[in-house]
Each structure stands twice: as structure tokens, then as C-alpha cells.
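Written below as C-alpha cells is the structure these notes are about.
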Amino acid sequence: MHDIRMVREQAAALRDGMRRRGALDQLEPVIARLEALDRERRLAIQAVEERKAARNAASQEVGRRKKAGEDAADLQAQTRALGEEIARLESELQSTEVLIQQGLYEIPNVTLPAVPEGDETHNAVVRTWGTPRQADTVKPHWEVGEALHLFDLPRGAKISGSGFIVYRGGGARLVRALMNLMLDLHTREHGYEECWVPVVVNRASMVGTGQLPKFEDDMYALGDDQGFLIPTAEVPLTNLCRDEILDATQLPMAMCAYSPCFRREAGAAGKDTRGLLRVHEFDKVELVRYCRPEDGAAQLELLTGHAEAVLRILGLPYRVVLLAAGDTGFSSAMTYDLEVFAPGVGKWLEVSSCSIFTEYQARRSNIRFRAATGEKPQHVYTLNGSALAFPRVIAAILEHYQQPDGSVIVPEALRPYVGLDLFQ
RNA sequence: GGACAGGUGGCCGAGUGGUUGAAGGCACCGGUCUCGAAAACCGGCGUACCGGCAACGGUACCGUGAGUUCGAAUCUCACCCUGUCCGCCA
């Protein structure tokens, strides 16, 4: 969420940011309306506070008179009338503020200067690693996975619904192995604190990271506002310090967690949904960082590197794509997607999205730090990235490491965790 | 789930309707003293919004929300959270 002051004081930059996303035409009415509402709000505040000051003074005078044994009925009546006026003005002010908030919720973050303008056709591959395998004879992962009894899609659909997977035997071991490999790497080599978080969070947390109110349809709600299943561990991790003021010495802060992730994927039916490519419940290790604003750019590179390290260790060819402004997520200011090549389906699969949110999320979730004693608190920058999402990594492993006889070589780094050299 | 108890500033803790944004203490910052430090003493020390070039002024905030009142940290109601005991349970 932006600050209403951004609209007031940096309207030109805001409009330019929307233009770069290709969203200015759509958002111009919202911005213009916010500018008017902001003026309205400030006038209303002045009107209310003026009357409150008068009421406070009069009330004190009532107290003084009563103590002195004098009559104060006239002042009391006058103050009662003031109180009614305040109530009326305040409800007007409140509806203005609700409208302002609704407007602000509709405006995405402004992307950083390094982000290309325009839609996804302007996405830029910034580097590639490894050599994608020729696709000719490789079977798609769903065929080889079922054949090797690594996962069971029909029975997943039977017990839960389509888009839910039962991993079995070596496949189940593989999931557990990926979790341990990734957590070990990030905690031992990359300096993240390992966290184990609840997968149910409250509404405030979902609002804090921006899933609500805009994307409620895509979330699993538990009913009667008893909570939501997390769509990613980003939600609990980023909200860890919600409504807190951190000490500068705590930054940068780095947390990682494994969690299952729950997504309704409403409206996504039919597209890239075969096998493990798009499911309602999947597993992921997530990285989250808080940092000082001036460190933001470097921290994004660092975090992206941490996610890439997983793919290198697994020996999976990948590319890093800098998303153009129009393809960058709503809250993000800059995003690198990591795409791994899956020769069986002949596609690059997105296995990670590493983003910096500048202070957009931190304002919403009220995460601040104090640079030095006596200084005003300011918002931290938040970052996060998957490192990595399991199902597509599994898909890539089953295709990249597939042998002509249908068996699959276990990547070397995973062998101690899986306890096998070969799935056959 | 039931019964009690409780939620006040970074922390501890006073405060049951009227200069209480909130005593006191601790912590922290600045100063005096000291060769330096400690101690002692003096001063400062919440967050946000509105107005103002600024100095500064105003408003709000004592778990959250609503209510009573001229006036609420203080009274009423609902909810949330924490603690203790009981029940249940992986």
C-alpha cells in the first residue's frame, strides 16, 4: 500500500510508475479521486479537531465550576451539542478515509528504475546456467512419476480433489529430501534463521502481505473468519514483526521456512495444469528478508543468488528472468523469476519468484526500524523468494535426469537425503 | 470446552469519572563531576495524524470495538489475547 502522502507529494512519480506498468489509463481515475479525497479528508480533520478542542476546553470549565459549586448547565448543553456535531463530522471523515484506503489498495507498487517498461514481452533473461537437455525422447514427468510409483494423481483426486497429490515411496522421500536439502543450505550456508510457522493465519496477516482484500477468491478461508490457509510461508514470515519497531542492529534480518502452500487457483483451470505443474496444495521453502532501504537493491541480488544456489546444487539448467513492469506482481517493485527447463514438457517452469517490495508491504504491515537512537522510526524494505517450490523442481528432476529405460537418476546432492541413487 | 484472574509507555509498575500522555522505578540519551570509568546529581526520553517555512499549536491513542457522560485509562456491553485450575485430546 502506498502512503496517501505519496499521492499528494509525488503524484508525478506515481503516475509515471503506473504508466510503466501500462496501467495508467486504468488507474488515473483512482489517482485523481484520491487527490480530491485527500483534500477533503484534511479539511474534515481540521473541522473535527477544532470542535474537539472546544469541547475539551468547555468540559474542563464544567469541571472547574462544579468543583467550585457553581452551575454549569448552560455549558453542558452547549458541549452536548458540540458532541453531536463531532459525531456527525467524524462519521463523514471515516467514510472519506475508507474510500481513501480502498483507492490506495487498488494502486500497485512503483517499480524500480532497473525494471523494463511495458508488458511481459519486455521481460528480460538476465542470465542462464547449464544447458537445457534436448526434449526429443524425454517423457513428461507425470508419466514417469506414475510409472515409478513416485506419486499418485488419481488417488490424490479421490481423497481430496483434482490438484492434490499423494506422493508415495521414493517420491515421498524426495519431498522430505528436498525440504531438508533446502533448509540445510539456507541455514548453514546463507545465514537464514530456520522457522517453523503455522499454516493458518488470521485476517490481519493476510492483509499485511497483500493477499487480502484483493485476492480473497484465491485463498482457502476456514469459515466464520477463523483464519486462512497460507498461500505461501511469506505470509507468516513477513508478518513476524508486524506492528514492531526493530533496532537497526537487527537488520538485515533473514528467515526461512518450509511450509505447505494452499491456493484455490480460481480461474486457472486448463492452463499448464497437468501433472505437478499447478496444484492446490504444494510444498515450498521460502526466504524472507527485512533490510534498510539503502541496502534494498543489493539484498535482492543476494536473495536471488540464494535461490539460484539450490538449482545449481541440483544441477538443473535454469534462467533468471527480470520481469517487466507490467508483469511484476502487484506489491513488488522488482522481481526476478527463476525458470528451470523441463525437457519432457518442453518448457521453462517458474520455480521461484524473488521480489523486493520496498516499503509497500512494510507500510501495510507496519514493520519499522529505528536507524539510531532518537531518530524517527521508518519502514523496512521487505523481500522474499521461493527457494524453491517443490512440485516443479520434482517435475524438472524427473525429466532432466530421466534415462532411456524410464529410470531417473537422483541428483548427487540429494542422494544422502533420499537414500537412493536411482528411481526405478 | 468450563471456572477464576489479568491486559497501562522499551521493561516493571501506580492510577476507579475532571490540568493523567499518564506518578514512581529500571533501561536509554545528553550534561556536571573524574585522568578515565563507576557512583551521585541535573536535564531529556512514546507513536501517529492535522496546521505551520519554522518555533510551535491542535487532535487521537492505557488489548480491540461499541456505549453511558459536559468529560472515560477509570463506568457498561461484546470480542480478542495472556495466566492459573478443571475437563478433553495428538
Side-chain angles (χ1 to χ4, degrees), chain A residues 1-10 34-101 103-104 196-208 212 221-228 236 239-251 253 260 290 359-360 362-380:
Chain A
M1 183 173 66
H2 291 290
D3 192 337
I4 184 65
R5 266 180 300 195
M6 170 100 184
V7 176
R8 182 153 78 231
E9 291 163 10
Q10 297 171 61
L34 279 170
E35 288 175 318
L37 285 168
D38 176 48
R39 285 188 291 272
E40 207 173 289
R41 168 177 170 269
R42 284 183 292 152
L43 287 174
I45 286 173
Q46 286 169 46
V48 168
E49 292 191 348
E50 198 176 290
R51 284 162 182 78
K52 281 186 174 175
R55 181 183 63 182
N56 289 347
S59 290
Q60 275 195 4
E61 176 60 17
V62 171
R64 208 167 291 132
R65 284 200 203 170
K66 290 206 161 177
K67 210 173 257 179
E70 298 167 22
D71 179 69
D74 57 328
L75 258 185
Q76 286 184 26
Q78 190 186 319
T79 311
R80 192 179 302 120
L82 258 181
E84 284 161 12
E85 202 182 350
I86 288 168
R88 185 176 54 76
L89 290 170
E90 264 190 332
S91 82
E92 284 174 22
L93 172 61
Q94 205 195 346
S95 28
T96 304
E97 286 184 329
V98 167
L99 290 174
I100 287 175
Q101 184 148 59
L104 289 174
W196 193 276
V197 293
V199 297
V200 173
V201 295
N202 56 31
R203 179 170 285 273
S205 295
M206 293 289 269
V207 170
L212 299 183
L222 297 182
D224 294 331
D225 221 8
Q226 294 300 296
F228 297 84
N239 277 283
L240 230 41
C241 296
R242 167 153 55 84
D243 295 322
E244 292 183 26
I245 299 174
L246 304 169
D247 196 273
T249 57
Q250 293 174 266
L251 300 177
M253 209 164 162
Y290 299 159
E359 54 183 65
Y360 195 89
R363 177 172 301 110
R364 214 160 153 143
S365 41
N366 197 26
I367 306 166
R368 293 174 294 173
F369 77 102
R370 207 184 295 275
T373 324
E375 282 196 28
K376 286 261 172 208
Q378 52 184 311
H379 291 104
V380 301

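If you're wondering where the values come from, they're calculated on a predicted model, not measured in any experiment. Order of the sequence lines sets the chain letters (A, B, ...), proteins ahead of strands, with each chain counted from 1.
- Distance, A/I4 CD1 to B/C49 C1': 13 Å, rounded to whole Å.
- Residue A/R370 has no polar side-chain atom (N or O) positioned under 4.0 Å from OP1 or OP2 of B/G46.
- Searching all strands for a Watson-Crick or G-U wobble partner of B/U68 with both distances below 3.5 Å returns nothing.
- A donor-acceptor pair under 3.5 Å is formed between the side chain of A/R65 and the backbone N or O of A/D71.
- Put simply, A/R42 has no side-chain N or O that comes within less than 4.0 Å of OP1 or OP2 on B/C50.
- The backbone N or O of A/I367 lies less than 3.5 Å from no partner atom in the side chain of A/Y290, so there is not a single donor-acceptor pair.
- Nucleic acid contact class of A/R368 (heavy atoms, under 4.0 Å, all strands): sugar-phosphate only.
- Using a 4.0 Å heavy-atom distance criterion, A/R5 is classed as a sugar-phosphate-only contact.
- Here B/C56 sits opposite B/G51 as a Watson-Crick or G-U wobble pair (both hydrogen-bonding atom distances under 3.5 Å).
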Got a list of protein N/O to nucleotides 57-60 of chain B N/O distances below 3.5 Å?
residue: B/G58; atom: N2; partner: A/E49; partner atom: OE1; Å: 2.9
residue: B/G58; atom: N2; partner: A/E49; partner atom: OE2; Å: 3.4
residue: B/U59; atom: OP1; partner: A/N56; partner atom: ND2; Å: 3.3

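- The shortest distance between the side-chain N/O atoms of A/R8 and the OP1/OP2 oxygens of B/C50 is below 4.0 Å.
- Contact annotation for A/R64: no contact, since no heavy-atom pair falls under 4.0 Å across all strands.
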Between protein and nucleotides 15-20 of chain B, what N or O pairs are separated by less than 3.5 Å?
residue: B/G18; atom: N2; partner: A/S59; partner atom: O; Å: 2.7

